[in-house]
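Every number for a ligand or one of its atoms is a count from 1 in the order of the listing. Throughout, residue positions are numbered sequentially from 1 according to the sequence presented.
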Amino acid sequence: MEEFNLMINGESVATTDHFEVINPADKSVIARAPKATTEQLNDAVAAAKAAFPAWSALTYAQRRDLLMQLADAVEANGEELMTLLTKEQGKPTKGFADLGAGFEFGGTLAWIRATASMELTPETIQDNETARIELHRKPLGVVGSITPWNYPLLIGIWHIIPALLTGNTVVMKPSEMTPLTVLRFAEIAKDILPAGVLNVVTGEGDIGAAMTSHEDIDKIVFTGSTPTGKAIMKSAADNLTRLTLELGGNDAGIVLADADIEACAPKIFATSFINNGQTCAALKRLYVHESVHDELCDALANMARSMKTGNGFDEDTDFGPLQNKQQLDIVKTLAQDAKERGANFLCGGEATDETGYFYPITLVNNIDDGARLVDEEQFGPILPIIKFTDVEEAIASANRLQVGLGGSVWSQDLEKAQSIAARLECGTVWINNHAMIQPDAPFGGVKDSGFGVEFGETGLKEFTSIQTMQISKS
Ligand code: NDP
C-alpha cells in the first residue's frame with residue numbers, strides 16, 4: 001500500500017499515524033495518507049514563518065519566474081496527477097464534454113500561469129506641492145489554506161498561487177477525503193520553491209481547526225461548507241486572523257419565455273452537472289417559464305438518458321461516482337423527500353450500482369420552493385426544475401434563500417436579462433450561461449456563501465494589507 005508524507009520546510013516528513021484514502025468508484029483503499037500531529041502542524045507554520053522574510057523580499061518578477069517553473073513541472077507530471085485525481089476524487093479523465101480530470105488539470109495550469117502573470121503596483125492617491133500619498137500593498141505573512149474534496153488540485157491552486165505571488169508563505173491542508181493529489185503536487189513544488197515557502201499537512205478533522213486558531217497564521221483562505229465557514233470565523237476571532245470564505249451556494253437559473261431552448265439546453269445541462277454536480281457554482285435550482293418548461297425538460301431528459309455513470313477509468317464514462325458516502329446519502333435523502341412530496345422524476349432517481357458511490361443523472365419537475373431538494377444544496381447529480389408563470393415570482397424565489405454564490409438568466413432579450421440579473425442577490429451572475437469562471441474575473445459569494453473574492457487583481461489584494469505612505473513636501 002502506497003504511503004504519502006507531509007511536506008514541511010522543503011522535506012518529506014513521515015508520520016507515525018495514517019488514515020486511509022478510498023477510491024469512491026469501488027470503495028477500495030488506495031493509499032495511506034499522513035496524519036499530522038499538532039507538533040508537525042506547528043513545525044509547518046514555523047517553517048512558513050521563517051521563510052517569509054526572504055520570500056517576501058523577492059520581486060514580483062522573481063516570484064513569477066519560480067511559479068512559472070512550477071507550472072512547467074506540474075505540466076510535466078500531468079499523467080500522474082490526473083490519475084491520482086480520478087483515483088481519489090472519482091472524476092473521469094475525460095468525461096462528459098471533457099469536463100473531467102483533464103479539465104481540472106488544464107484549469108490548474110491555466111490558473112497558475114495567468115495568476116503568476118499579474119502584479120499589484122503602488123497607487124498614487126495624491127501628488128501635489130504639499131505631499132505625495134501612495135498606497136502600497138504588503139503581504140500578510142503565513143497563509144493557511146483549507147480546501148474541499150470536489151476539485152482538490154484546482155481549488156488548492158486558487159488559494160496558494162495568489163498568496164505566494166504577493167509574497168506570503170503557505171501552509172496547506174487538503175480535505176481528508178482527497179489529500180493525495182496535493183501531497184504529490186507538494187513533492188513537485190519542493191524542487192522549485194525555497195524550503196518552507198509551501199508546506200502541506202494532512203489529518204482527520206482536528207488539523208484544520210487547529211490552523212484557524214493558530215497565532216502564527218495571519219490569514220485563512222477556506223473553500224467548503226457554510227457551517228464549517230462559520231466555525232472557522234469564530235475560531236479565527238481571537239487572533240483577528242484575516243479570512244476569505246468561499247462557501248456553498250444553491251445557484252438559481254431563471255429561463256425566460258423567450259429563451260432559445262435549443263441553444264440553452266446543452267449549456268444548462270453542462271453547468272448543472274459539471275463534476276457530477278459537485279461544484280460550488282453549479283446551477284442547482286432551475287426556474288423555467290411555463291411556456292418553455294416542457295420543451296426544456298424534454299431536451300434535458302434526452303441528454304441525461306444518454307449519459308453513462310461509472311468508473312472514471314472506463315473510457316466511455318461521462319460521470320463518475322459521488323466523492324463520498326456522506327454526499328451520496330445527502331443526494332438520496334433529498335430525492336426521497338421529493339418523492340414523498342409527489343415530484344416527478346424525468347430520469348434517474350435510484351442508485352442501482354452499489355460497487356461505488358454512484359448516482360445517476362437525475363431530473364425532477366413538478367416540485368416547488370419548500371422541498372428540500374430546492375431549498376438545500378444537493379451538491380450532486382440531481383436537478384430540481386420549477387415551473388413559473390410570473391418572472392417576479394422567479395426572482396423572489398431565486399433570492400429567498402440565505403445563500404448567494406451565483407445565478408443566471410436565460411433569454412434572447414439581453415437588456416431585459418441584464419435588468420433581471422442585476423436584481424439577483426449573488427456574487428456572480430451569468431446571462432445565457434452559468435458557472436463560467438476565469439482567472440481575471442473576481443469570484444465570490446454574498447450572504448451565507450461567504451465573503452472575500454478570488455481571482456483577478458481584486459483576488460490578489462485579499463492576500464495583502466494596505467500601507468498608506470505620505471511623503472510630505474513642505
Ligand atoms: P467541510 O466544509 O466540512 O470541509 C472542507 C474542509 O474544511 C476540509 O478540508 C475539512 O477538513 C476542513 N474542516 C472541517 N472542519 C473544520 C474546522 N472546524 N475548522 C477548519 N477546517 C475544517 O465540507 P465537507 O467536505 O464536509 O462537505 C460538506 C458540504 O460542503 C457539501 O455537502 C457541500 O454542500 C459543501 N461543499 C462546498 C464546496 C465548495 O466548493 N463551496 C466544496 C465541498 C463541499 P477534513 O477533511 O479533515 O474534515
Side-chain angles (χ1 to χ4, degrees), residues 19-22 24 33-36 41 88-90 104 144-156 158-159 171-183 200-214 217 220-237 241 243-251 274-282 284 322-334 357 359 372-373 375-382 401 403-406 426-428 435 437 443-445 448-452 454:
F19 59 95
E20 292 178 339
V21 182
I22 307 287
K35 204 170 174 179
L41 169 64
E88 68 174 348
Q89 207 286 334
E104 174 162 357
S145 150
I146 302 177
T147 48
W149 44 259
N150 53 343
Y151 292 89
L153 187 59
L154 186 58
I155 293 181
W158 291 349
H159 288 188
V171 177
M172 257 179 123
K173 195 210 77 69
S175 166
E176 71 188 84
M177 312 275 191
T178 55
L180 306 180
T181 317
V182 169
L183 288 166
V200 180
V201 289
T202 52
E204 284 177 310
D206 50 337
I207 287 293
M211 283 171 70
T212 60
S213 59
H214 202 293
I217 292 186
I220 292 284
V221 49
F222 169 75
T223 303
S225 65
T226 297
T228 305
K230 289 181 179 177
I232 287 175
M233 194 163 174
K234 282 190 190 133
S235 170
T241 306
L243 296 174
T244 296
L245 299 178
E246 207 270 83
L247 310 178
N250 196 349
D251 288 13
I274 179 169
N275 205 31
N276 222 3
Q278 303 165 113
T279 300
C280 47
K284 294 177 178 142
L322 274 297
Q323 199 284 323
N324 55 73
K325 181 173 182 310
Q326 294 89 310
Q327 200 58 49
L328 176 62
D329 288 344
I330 290 173
V331 168
K332 284 181 178 171
T333 305
L334 299 184
Y357 303 129
Y359 198 87
R372 290 186 64 187
L373 179 58
D375 287 9
E376 297 175 31
E377 184 183 32
Q378 68 278 58
F379 219 68
I382 178 166
L401 299 181
V403 282
L405 196 54
C426 50
T428 302
I437 51 170
F443 173 77
D448 277 4
S449 292
F451 54 79
E454 300 187 87

Please tell me if the side chains of I330 and E377 come closer than 4.5 Å, counting only heavy atoms from C-beta onward.
-> no

If you have a sec, work out which protein heavy atom is nearest atom 7 (O) of ligand 1 and how many Å separate them, to one decimal?
-> F222 CE1, 3.2 Å

Atom 4 (O) of ligand 1: any protein heavy atom closer than 4.0 Å | no

Nearest protein heavy atom to atom 8 (C) of ligand 1, by residue and atom, and its distance?
-> T147 O, 3.5 Å

What protein heavy atom is closest to atom 12 (C) of ligand 1, reported as residue, atom name and distance in Å?
-> I146 CG2, 3.6 Å

Side chain, backbone, both or neither: which part of W149 has a heavy atom under 4.0 Å from ligand 1?
-> side chain

Here the atoms of ligand 1 under 4.0 Å from any heavy atom belonging to N150 are 40 (O), 42 (C)

What part of Q278, side chain, backbone, both or neither, has a heavy atom within less than 4.0 angstrom of ligand 1?
-> neither

Ligand 1-proximal atoms of L247, by part, heavy-atom distance under 4.0 Å | backbone

For atom 15 (N) of ligand 1, which protein heavy atom lies nearest, and how many Å away is it?
-> T228 CG2, 3.5 Å

Minimum-distance protein heavy atom relative to atom 34 (O) of ligand 1 = E377 OE1, 2.6 Å

Nearest non-hydrogen protein atom to atom 48 (O) of ligand 1, with distance, is E176 OE1, 3.0 Å

Option of least heavy-atom distance to atom 18 (N) of ligand 1 (set: P227, S145, P174, A209) = A209

G203 heavy atoms within 4.0 Å reach ligand 1 at atoms 47 (O)

Give the residue and atom name of whichever protein heavy atom lies nearest to atom 40 (O) of ligand 1, and the separation in Å to one decimal.
-> C280 CB, 3.2 Å

Tell me which protein heavy atom sits closest to atom 43 (C) of ligand 1, plus the residue, atom name and distance to 0.1 Å.
-> P148 CB, 3.3 Å

